[in-house]
Amino acid sequence: MDNNIRIEVKDVNFYYGKKSALQNVSMDIKKNKITAIIGPSGCGKSTLIRLFNRMNELIPNTKMEGTINLDGENIYSSKIDVVEVRRQIGMVFQKPNPFPKSIFENVAYGLRVNGIKDKKYIREKVEKSLKNAAIWEEVKNRLFDNALGLSGGQQQRLCIARALAVEPEVLLMDEPCSALDPTSTRKIEELVLDLKKKYTIVIVTHNMQQAARIADYTAFFMMGDLIEYDITDKIFTKPSKKVTEDYITGRFG
Amino acid sequence: MRKKIGQRIGFSFLFLFLLITLLSLGTIIYFIVAKGAGAISWQFLTQSPKDAMTSGGVAPAIIGTFYLILGSIAFSFPLGLACAIYLCEYSPKGYIINIIRISINNLAGVPSVVFGLFGLAVFVKFFGFGVSILSGALTLGIMVLPQIISASQEALLAVPQSYREASFALGATPWKTIKKAVIPPALPGILTGVILSVGRVAGETAPIIFTAATLYKRGYPNSIFEEVMALPYHIYGLMTEGTHPAQQKEIAYGCAFILLVLVLSISFLAIIIRQRQRRKNG
Ligand SMILES: Nc1ncnc2c1ncn2[C@@H]1O[C@H](COP(=O)(O)OP(=O)(O)O)[C@@H](O)[C@H]1O
Ligand SMILES: [Mg+2]
């Protein structure tokens, strides 16, 4: 096994009821790199990354085929504890979704539900996570205010802090900037680039400039098929498929 | 032009109906306050009835109603919430669950006297609890169970799916997710349902006639296996039995006034809880 591979997707099909959303997808996601998933709306980007932390099984009437390995182990094997998988793989959603609790409690949530009771540890971890998510300076004097009082960009960074607090190995981000203004978007992009040192990041984005700016690898999907997957530079300068070129040059989608 | 006049007439009618509703509500409240408030005194609230229910107070009935409320809610709140959680969060969505859901909603429309008969057959006779606080509280509890389940279900369904996803994505188990991410934001809605049920429990007469209530009892109950006096039944008794209708009527209006204040303050409490939580949830 290649030591630089964190997630290995093999022959994956996915269905919502009878409707197929992914066909025969195989790809390797490299450790400590940023991998961008791009493609037109409805092509299966969210479906794919939600398979990495087994979120799709919360939706009734869905079916998954194939294997997905995390560090060489099939996370869909019956021996695997889904709760453990989700703890190892953090997720940031398209729309910031902090709990209607204090800023502090939002970040502490993952620690508490994983059975951590040590108050001092929780306090330190919350501070560290907020610092790692580049939001500490903005909230340090109002940790016990309701998180819903923050701006959209702050809420999203809080959600990143919340995900980081449980020390995942992989961070999945589903269009994390789509609801944000350019300033907040820039902050989050800087943050993602910084987080790459410690985490493997998979980011879905609608914004091709964003993929070009931050991703090491880029995968282009269309209608549930993986069309092309390569080093970002290559995808954006010399794509090997015509459809990829059409998409990145904005001829459709 | 014609359309505008039509609209104006339409709205005038709507306003008229609103006025009629408010007026009748106001009249009821005025009537009960005018006839009942005079009966209220410290002695009325703290003493037992005297002289064949023609004087003295109604304290045992107040206490009895209080016990029945406490008992029925202690039973129906946890049970109703558990049912709602199962129906919303755990159960596979499907045909059978839908039937259960519809049945529960229909149960809410069953007349209260039917619950009274059910309580008589099951709790008083079959389980042998006799005519007692326990039988009455269980009967009332079952009566409001559908209401509590529906209110809790609605509150749980109103919690955004994104809270559940966020919680699962952080490695929370389904149970922890329900406990820490779903129930807290749903709580005001759930409590509103419970509080409105308290109002019903306080006021219903039919379910306790055969199961818990007595017209007169010396002193206060010592255990849940004793029968009790209760405000609604006391009113009923004062108006239908006894030998001094005039004095009894006065006391009955006093009881009605107490019930009214009780139920209105409970509804008011429900509104306050909801408002506060709404502010908290932004
Ligand atoms: N919960 C769902 N139920 C049924 N179909 C869905 C559901 N979620 C997504 N789909 C369908 O699956 C396809 C892929 O969706 P998605 O992964 O959300 O695309 P993307 O994130 O690329 O916009 C779309 O055709 C979409 O309509
Ligand atoms: Mg999507």
Side-chain angles (χ1 to χ4, degrees), chain A residues 46 49-50 52-61 81-102 105-116 129 145-150 155 158-159 161-168 170-174, chain B residues 84-101 152-192 272-282:
Chain A
S46 300
I49 70 160
R50 288 165 59 92
F52 296 168
N53 64 344
R54 292 183 56 176
M55 286 306 265
N56 284 333
E57 59 203 67
L58 299 175
I59 304 169
N61 285 324
D81 178 9
V82 60
V83 170
E84 187 53 29
V85 170
R86 292 190 185 134
R87 211 190 55 64
Q88 288 173 32
I89 303 188
M91 186 163 217
V92 176
F93 297 81
Q94 182 163 358
K95 201 164 148 271
N97 60 349
F99 298 116
K101 301 174 187 285
S102 72
E105 280 307 318
N106 263 280
V107 185
Y109 186 94
L111 303 172
R112 295 199 200 284
V113 297
N114 283 293
I116 294 168
S129 307
D145 289 2
N146 195 312
L148 298 179
L150 297 172
Q155 285 188 13
L158 176 68
C159 290
R162 182 175 67 180
L164 297 182
V166 291
E167 299 183 343
V170 180
L171 194 59
L172 307 172
M173 308 179 101
D174 192 352
Chain B
I85 289 174
Y86 183 80
L87 288 172
C88 290
E89 308 288 327
Y90 276 116
S91 66
K93 315 269 173 276
Y95 179 64
I96 294 179
I97 290 297
N98 268 337
I99 291 185
I100 294 177
R101 210 167 271 159
S152 305
Q153 263 186 315
E154 248 166 66
L156 292 172
L157 288 176
V159 174
Q161 188 62 17
S162 67
Y163 293 176
R164 294 182 183 85
E165 290 197 335
S167 173
F168 280 122
L170 290 164
T173 58
W175 173 238
K176 288 232 167 95
T177 298
I178 289 168
K179 201 172 107 187
K180 300 198 65 174
V182 179
I183 292 184
L187 209 52
I190 295 169
L191 288 184
T192 307
I272 290 180
I273 290 181
R274 214 169 1 181
Q275 294 291 347
R276 272 180 67 167
Q277 198 64 28
R278 205 170 278 159
R279 229 174 298 138
K280 212 164 128 197
N281 286 356

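These numbers come from a predicted model, not from an experiment. Below, each value reflects all heavy atoms present in this structure, side chains not excepted, and no hydrogens, waters or symmetry copies.
Between the CZ atom in B/Phe168 and the CE atom in A/Met91 there is a gap of 14.0 Å [rounded to 0.5 Å]. Considering OG of B/Ser162 and CD of A/Gln94, their distance stands at 12.0 Å, rounded to 0.5 Å.
Nearest heavy-atom pair across A/Phe93 and B/Ala166 is CE1-CA, 4.0 Å. Considering all non-hydrogen atoms of both residues, A/Leu58 and B/Glu165 come closest at CD1-CG, 4.5 Å. Nearest heavy atom pair, residue B/Leu170 against residue A/Val166, reads O-CG1, 4.2 Å. The shortest heavy-atom contact between B/Lys176 and A/Tyr109 is O-OH, 4.0 Å. Contact record, B/Lys180 with A/Val113: CD-CG1, 4.0 Å, taken as the closest heavy-atom pair. Heavy-atom minimum distance, B/Ala172 versus A/Val83: O-CG2, 4.3 Å.
Annotation: maximal heavy-atom pairing with chain A below 4.5 Å, among B/Pro160, B/Ala169, B/Pro174, B/Ala181, occurs at B/Ala169. Between chain B and the options A/Arg87, A/Arg54, A/Met55, A/Gln88, the largest number of non-hydrogen pairs under 4.5 Å is found for A/Met55. No other option in A/Arg50, A/Arg112, A/Glu105, A/Lys95 has as many heavy-atom pairs under 4.5 Å with chain B as A/Arg50.
The part of A/Ile89 that comes within reach of chain B is its backbone (N, CA, C, O), which places non-hydrogen atoms under 4.5 angstrom from that chain. For a residue to count as touching a neighbouring chain, one of its non-hydrogen atoms must lie under 4.5 Å from one of that chain's; by this rule A/Arg162 touches chain B with backbone and side chain alike. Heavy atoms closer than 4.5 Å to chain B are found in the backbone of A/Pro98, but not in its side chain. Within the 4.5 angstrom heavy-atom criterion, only side-chain atoms of A/Lys101, from C-beta onward, approach chain B.
The number of heavy-atom neighbours closer than 6.0 Å to CD1 of B/Ile272, taken from other residues, nucleotides and ligands shown, is above 12.
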